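Structure, as structure tokens:
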Number of protein chains: 2
Amino acid sequence: MPQHLELVQSLRDAGHRLTPQRESVLAVIADSDGHLTAEEILARVRQRYPYLNKSAVYRSLDLLTELSLVNQTDLGHGRVEYELHRHPHHHHLICRHCKGVQQIDQAVMNSLHKKLEKDFGFHADLDHFAIFGTCHKCRARAAKSAKRHTH
Amino acid sequence: MPQHLELVQSLRDAGHRLTPQRESVLAVIADSDGHLTAEEILARVRQRYPYLNKSAVYRSLDLLTELSLVNQTDLGHGRVEYELHRHPHHHHLICRHCKGVQQIDQAVMNSLHKKLEKDFGFHADLDHFAIFGTCHKCRARAAKSAKRHTH
DNA sequence: GACCTTATTGCAACCAGTTGCAACAAACAT
DNA sequence: ATGTTTGTTGCAACTGGTTGCAATAAGGTC
């Protein structure tokens, strides 16, 4: 069974209706292996199904995210990026200063994930996480110019 | 020395100009102990300094965040919330289903923080983190209705 | 197949936040 | 004090995303 039909089945099993809009959005995401913005998804869907409103795209994406079929990631580019929820995941370290993005492995989160599960019964969506901070290059640069708290 | 003057000093030490706009924004945040939205900040600043544009507020907040004087948190309320960067921090577990927010202690992040520092030289802003996922109540509920992948 | 219920869509107005650019003013030098 | 430099602001237009509501259509029932 093609992947997106399997996903469509998850949708229906969860009690949601299958509309051509939703099916197209899901198919486009399943066909792509990278991140897609909502605008890209809208454009691609319209190639095969031109009757699509942007509200429907956003609403579909929110639903698919809620069902854990899709990941939403804000990499600080001013728009959210969407992709199929896959295993294993990776995460992103994003520098607030130089805007650089560095990919890191899922494994880094394993112990945190377990801890949240154990201590709080909370199932965290730690797949495809965006962590903001300062990369080692920018830290060195900042240390020079900052003479704070030395008075 | 009052707190916000100390913060003002950090601004100047980092090579930025001190404008009445920035000073007012910082003073308002330093005066409040909870989260403030940009709109609330704008309204409060205008009580003491009416000549303030919303762009200046957002630009000030971005700068203050970059200097680690302020935290920005997206708790899923549709707008970002701002507050003074304080120690020790806390974090939030936010349920995507019931939208419930649960506060957890900074300590949960300690080992992750150290690992990112050690392995990647990355200084993560893990203070005031928002972690989305599913709380234990909603997990139980979801397990019932989802018959996915059982075919 | 026709009917009914109610989830979903399209639309247009809206909201939070961003941007390009000309006008302005902090900080520094004279 | 005055002038110069250049970082910062105000403004208005814009962007990505959301919302309320009437119209539509998916999926179930007979």
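From a predicted model like this one, the values you see are computed outputs, not experimental measurements. To find a chain, count down the sequence lines: A is the first, B the second, and so on, and within it residues start at 1. Side chains are part of it too, since the values below use all heavy atoms of this structure and drop only hydrogens, waters and symmetry mates.
- A salt bridge does not link A:Lys114 to A:Asp119: none of the charged side-chain nitrogens sits closer than 4.0 Å to a carboxylate oxygen.
- Put simply, the side chain of B:Arg59 and the base of D:dG7 share no donor and acceptor less than 3.5 Å apart.
- The side chain of A:Asn53 contributes an N or O atom lying less than 4.0 Å from OP1 or OP2 of C:dC11.
- In this structure, CD of B:Glu23 is placed 14 Å from C1' of C:dA26, rounded to the nearest angstrom.
- Set against D:dG16, D:dT9, C:dT8, the side chain of A:His16 has C:dT8 as its closest nucleotide.
- Counted by atom type alone, A:Thr73 and A:Asn71 present zero donor-acceptor pairs between their side chains at under 3.5 Å.
- Below the 3.5 angstrom threshold, one finds no donor paired with an acceptor across the side chain of A:Arg17 and the base of D:dG27.
- The shortest side-chain heavy-atom distance between A:Leu84 and A:Asp33 does not fall under the 4.5 Å cut-off.
- In B:Glu39, the CD atom is not crowded: 12 or fewer heavy atoms of neighbouring residues, nucleotides or ligands sit closer than 6.0 Å.
- For B:Gln21 and C:dA25, the shortest distance from a side-chain N or O to OP1 or OP2 is not below 4.0 Å.
- Taking atom CG of residue A:Asp74 and atom C1' of nucleotide D:dG16, one finds them 11 Å apart after rounding to whole Å.
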Using the rule given for side chain to side chain contact (heavy atoms under 4.5 Å, CB included), can you reason through B:Met109 versus B:Leu112, listing the C-alpha separation, both sets of side-chain angles and the distance that settles it, and then say yes or no? CA-CA 5 Å; B:Met109 292 291 178; B:Leu112 175 63; 4.2 Å; yes
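- Residue whose closest nucleotide on DNA chain C sits further toward the 5' end, between B:Arg12 and B:Arg79: B:Arg79.
- One atom, CG of A:Leu11, and another, C1' of D:dA26, lie 13 Å apart when rounded to the nearest Å.
- Checking the phosphate oxygens (OP1, OP2) of C:dG17, a side-chain nitrogen or oxygen of B:Tyr58 falls inside 4.0 Å.
- Side chain of A:Arg22, nearest nucleotide from D:dG16, D:dT18, C:dT9: C:dT9.
- One atom, CD of B:Gln72, and another, C1' of C:dA16, lie 12 Å apart when rounded to the nearest Å.
- Computed from coordinates, the A:Leu75 CG to D:dG16 P distance equals 16 Å when rounded to whole Å.
- Between the CG atom of A:Asp62 and the C1' atom of D:dG16 there is a distance of 13 Å, given to the nearest Å.
- Atom C1' of nucleotide C:dA23 and atom OH of B:Tyr51 are separated by 18 Å, given to the nearest angstrom.
- The base of D:dG17 sits within donor-acceptor range of the side chain of A:Lys54, with an N or O pair under 3.5 Å.
- Taking 3.5 Å as the limit, the base of C:dT18 and the side chain of B:Ser55 contain no donor-acceptor pair of atoms between them.
- If you take CG of A:Leu42 and P of D:dT15, they are 15 Å apart, rounded to a whole angstrom.
- If you check every strand for non-hydrogen atoms under 4.0 Å, B:Thr19 touches sugar and phosphate atoms only.
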